[in-house]
Visitor: 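Before we start, here is the structure in question, set down as structure tokens.
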Amino acid sequence: MSTQGRQGAQAPGGSGEGRGGEAGAGRRPLVALLSGAGVSTDSGIPDYRGPDGVWRKDPEAEKLVTYEHYMNDPEIRRRSWRMRLESPALRARPNAAHEAVVRLERSGVPVRVITQNVDGLHQMAGMPERKVLELHGTARAAVCTGCGARSEMERALERVRAGVADPECLRCGGVLKSATVMFGEALDPQVLGEALAIARACEVFVAVGTSLQVQPAASLAGIAAEHGARLVIINAERTPYDPLAERVVREPIGRALPALLEELAAG
């Protein structure tokens, strides 16, 4: 595996020691994994900011997931629902990267996944729900912007297929959207708080398939490093946090992440 790293830095998972160099007495280090869109590209879901990303190919598409445009423009909502019908996210299956994370968790290593993705593939691969934090929500549910009622996304899509171009909330008639965090919306403070706590507590922080440009999610990498975690970045392009990383990997995620996590499982 070709990598870049800080001179003299120790590879993650090699010592079994806790922070500060104290012996772990058999304790396994807490591993936090921040996953971005690049983790799901092998499942057929395009990324957003990469060389072939959705936003680079069609900047106008960003309006479809921008809260202000979505709420104020019925045509944007109609286009958004058509996009959801065509989206590969709900048809996708987990890939080698998702499966590698599950193997690490089942090996006995404490793992917490903090994901920027909304596809639910970590859970589908077998990660326990309580060990996955979805920073940007989920595309597998719909939520009313008025009363807050939630339902399965498939139920809303069935109405779209039946000819309802902009389905309203069946409870209150309010505007319905996916249960994702759109541009212009704040992250769930409880979810963000839990992510921050994990970043501060972990001993290894792996940022994979993310450009580390979207805040506040990107700042988790810096917070983890500041609190003594060994930072590993696996991404095709440079990120603003590369200088803080003990190890930077440019190889394809489907090969690089399983190899890294096998190291961590071996201790």
Side-chain angles (χ1 to χ4, degrees), residues 1-15 17-22 24 28-40 47-51 53 55 97 101 104 109-118 122 131-137 181 183-251 253 256-257 260-261 263-264:
M1 181 185 298
S2 63
T3 65
Q4 306 166 21
R6 296 201 305 254
Q7 185 175 0
Q10 181 180 353
S15 70
E17 296 182 349
R19 293 182 185 173
E22 297 179 0
R28 310 297 293 272
L30 173 62
V31 176
L33 187 135
L34 175 65
S35 66
V39 172
S40 293
D47 69 1
Y48 296 94
R49 288 179 170 80
W55 305 147
V101 178
L104 179 66
V109 173
V111 181
R112 295 295 182 272
V113 173
I114 305 166
T115 185
Q116 296 172 274
N117 298 335
V118 298
H122 283 294
K131 294 186 178 182
V132 180
L133 288 176
E134 295 177 310
L135 284 177
H136 297 159
V181 179
F183 292 115
E185 286 189 287
L187 300 187
D188 182 316
Q190 181 176 343
V191 173
L192 179 58
E194 292 179 16
L196 289 167
I198 290 169
R200 295 187 186 107
C202 70
E203 293 170 79
V204 181
F205 189 99
V206 182
V208 55
T210 171
S211 63
L212 293 176
Q213 294 180 22
V214 178
Q215 299 293 352
S219 67
L220 296 171
I223 290 169
E226 289 169 6
H227 283 76
R230 292 170 282 169
L231 176 61
V232 182
I233 295 174
I234 304 176
N235 198 56
E237 295 186 309
R238 292 181 179 179
T239 82
Y241 293 88
D242 286 3
L244 298 179
E246 177 179 281
R247 191 167 173 180
V248 176
V249 183
R250 301 289 184 219
E251 294 183 7
I253 291 168
L257 186 62
L260 173 70
L261 298 189
E263 292 180 27
L264 294 176

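Count residues from 1 along the sequence.
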Visitor: Salt bridge check: are E263 and R247 linked by an N-O gap of less than 4.0 Å?
Guide: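 Yes, this pair counts.
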
Visitor: Of all the heavy-atom pairs spanning L264 and R28, show the shortest one and how long it is.
Guide: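 That closest heavy-atom pairing would be O-NH2, 3.7 Å.
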
Visitor: With rounding to the nearest 0.5 angstrom, report the CD1 to CG distance, I223 to L244.
Guide: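 It comes to 11.5 Å.
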
Visitor: Less than 4.5 Å apart, side chain to side chain, heavy atoms only: is that true for S35 and T210?
Guide: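 No; the side chains remain at least 4.5 Å from each other.
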
Visitor: Could you give the distance from CD (Q213) to OH (Y241), rounded to the nearest 0.5 Å?
Guide: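 One gets 10.5 Å once the value is rounded to the nearest 0.5 Å.
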
Visitor: Would you check if I114 and I198 make a side-chain contact, meaning some heavy-atom pair closer than 4.5 Å?
Guide: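 Of all side-chain heavy-atom pairs linking I198 with I114, at least one is under 4.5 Å.
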
Visitor: Could you report the tightest heavy-atom contact between V249 and A256, atom names first, then the distance?
Guide: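 Looks like CG1-CB, 3.7 Å.
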
Visitor: For the pair Q215 (side chain) and S219 (backbone), establish whether a donor and an acceptor sit closer than 3.5 Å, ignoring hydrogens and angles.
Guide: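 It does hold such a pair.
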
Visitor: Over all heavy atoms of both residues, which pair between A97 and I253 is shortest? Give the atoms and the distance, please.
Guide: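 Scanning both residues, the minimum pair turns out to be CB-CG2, 3.9 Å.
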
Visitor: Mind checking the CZ-CZ spacing from F205 to R200? Nearest 0.5 Å is all I need.
Guide: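 Spacing of CZ (F205) from CZ (R200) equals 12.0 Å.
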
Visitor: Please test V248 against N235 for side-chain contact (heavy atoms from CB on, under 4.5 Å), starting from the C-alpha separation and ending with a verdict.
Guide: CA-CA 8 Å; V248 176; N235 198 56; over 6 Å; no

Visitor: Starting from the C-alpha separation in whole Å, work towards a yes-or-no answer on side-chain contact (heavy atoms from CB on, under 4.5 Å) for V208 and L34.
Guide: CA-CA 6 Å; V208 55; L34 175 65; over 6 Å; no

Visitor: So do L135 and D188 actually touch side chain to side chain, heavy atoms under 4.5 Å?
Guide: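 Of all side-chain heavy-atom pairs linking L135 with D188, none is under 4.5 Å.
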
Visitor: Classify the side-chain pair S211/T239 by whether it contains a donor and acceptor separated by less than 3.5 Å.
Guide: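 Judged by distance alone, the side chains do not pair up.
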
Visitor: What closest approach, in Å, do P29 and P110 show between heavy atoms, and which atom pair accounts for it?
Guide: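 It is O-CD, 3.6 Å.
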
Visitor: Between N117 (side chain) and A37 (backbone), is there a donor-acceptor pair under 3.5 Å?
Guide: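 Judged by distance alone, yes, a pair lies under 3.5 Å.
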
Visitor: V204 versus L231: any side-chain heavy-atom pair under 4.5 Å?
Guide: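 SC-SC contact between V204 and L231 ruled out.
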
Visitor: Give a yes or no answer on whether the side chain of R250 reaches the backbone of E237 with a donor-acceptor pair at less than 3.5 Å.
Guide: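 Checked: pair present.
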
Visitor: State the CD-CD distance between E134 and Q116, to the nearest 0.5 angstrom.
Guide: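 Nearest 0.5 Å value for the CD-CD distance: 12.5 Å.
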
Visitor: Supply the atom-to-atom distance D242 CG to L212 CG, rounded to the nearest 0.5 angstrom.
Guide: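 Here the rounded value is 8.0 Å.
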
Visitor: In chain order, what residues pass the side-chain contact (heavy atoms from CB on, under 4.5 Å) check against L192, with sequence neighbours excluded?
Guide: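 For L192 the side-chain contact (heavy atoms from CB on, under 4.5 Å) partners, ignoring immediate neighbours, are L187, L196, P216.
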
Visitor: Going through the checks in order, is the side-chain contact (heavy atoms from CB on, under 4.5 Å) test met by I233 and V206?
Guide: CA-CA 6 Å; I233 295 174; V206 182; over 6 Å; no

Visitor: To the nearest 0.5 Å, how far apart are CG in L33 and CG in L133?
Guide: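 Going from the CG atom of L33 to the CG atom of L133 covers 12.0 Å.
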
